[in-house]
Amino acid sequence: MNGSYDEELQLQINTLLDDLVFTENQLRAAREAFDTEEYARLMRVFLPLQKQYLKLCAEQEKRLNDDENADELEAFNKVTE
């Protein structure tokens, strides 16, 4: 695995998570204040943030699984030699 890419991926995930938490708090405040315009505006921001966050999490999980599978195959090859 490319260490710098994985570090950057994790940094992006953490940043998006912070943004999601902030936006969720703003949504809660808008909902409690019955501010439907603000709530709708925030939802237009929240949904793409959430989509990107989930996409990056899936990519990270796939990369981790690919590395684990590669290690198992390498270990198997060493045993049979």
Side-chain angles (χ1 to χ4, degrees):
M1 230 184 335
N2 187 347
S4 62
Y5 180 79
D6 292 328
E7 291 170 8
E8 184 65 30
L9 182 62
Q10 186 61 51
L11 180 64
Q12 288 295 320
I13 289 172
N14 292 343
T15 302
L16 286 171
L17 182 59
D18 291 342
D19 290 346
L20 283 170
V21 169
F22 175 78
T23 306
E24 286 175 344
N25 291 334
Q26 296 298 311
L27 281 166
R28 186 176 303 111
R31 186 174 49 241
E32 290 170 357
F34 300 104
D35 187 352
T36 56
E37 288 181 21
E38 179 70 6
Y39 186 85
R41 185 184 69 76
L42 288 167
M43 283 304 286
R44 286 191 295 272
V45 171
F46 178 78
L47 294 175
L49 275 174
Q50 185 181 44
K51 182 179 179 181
Q52 183 66 21
Y53 173 77
L54 294 172
K55 179 181 169 187
L56 292 179
C57 286
E59 179 182 345
Q60 183 181 45
E61 185 175 338
K62 182 181 182 306
R63 289 178 60 83
L64 290 173
N65 287 339
D66 288 348
D67 282 348
E68 290 173 3
N69 292 339
D71 292 340
E72 291 173 9
L73 183 58
E74 185 177 327
F76 177 76
N77 285 337
K78 287 181 181 179
V79 171
T80 58
E81 291 177 350

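In what follows, residues are counted from 1 in the order of the sequence shown. Note that the structure is predicted; figures quoted are calculated from it, not measured.
Criterion: ILVMFWY side-chain heavy atoms under 4.5 Å apart, direct or through other members. Under it, Tyr5 and Ile13 are part of a common hydrophobic cluster. Tracing side-chain contacts under 4.5 Å through hydrophobic residues (I, L, V, M, F, W, Y), one never reaches Leu54 starting from Leu11; they form parts of separate clusters. At a threshold of 4.5 Å between side-chain heavy atoms, the hydrophobic network of Ile, Leu, Val, Met, Phe, Trp and Tyr places Met43 and Leu20 in one connected group.
Distance CG/Asp19 to CD/Gln52: 11.5 Å, rounded to 0.5 Å. Rounded to the nearest 0.5 Å, atoms OH (Tyr53) and CG (Leu17) are 4.5 Å apart. Expressed to the nearest 0.5 Å, how far CG of Asn65 lies from CD of Glu61 amounts to 5.5 Å. How far CD of Gln12 is from CD of Glu7: 13.0 Å, rounded to the nearest 0.5 Å.
Residues forming a salt bridge (Lys or Arg N to Asp or Glu O under 4.0 Å) with Glu59 (at least two apart in sequence, or on another chain): none. Considering only residues two or more places apart in sequence or on other chains, Arg41 meets the salt bridge (Lys or Arg N to Asp or Glu O under 4.0 Å) condition with Glu38.
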Q) Between Arg63 and Leu9, is a side-chain contact (heavy atoms from CB on, under 4.5 Å) present by the stated rule, with each step listed? A) CA-CA 11 Å; Arg63 289 178 60 83; Leu9 182 62; 4.2 Å; yes
Q: Assess whether side-chain contact (heavy atoms from CB on, under 4.5 Å) is satisfied between Asp6 and Gln10, documenting all intermediate values.
A: CA-CA 6 Å; Asp6 292 328; Gln10 186 61 51; over 6 Å; no
Counting only pairs under 3.5 Å, give me each side-chain donor-acceptor contact of residues 44-51, with atom names and distances, residues two or more places apart or in other chains.
none

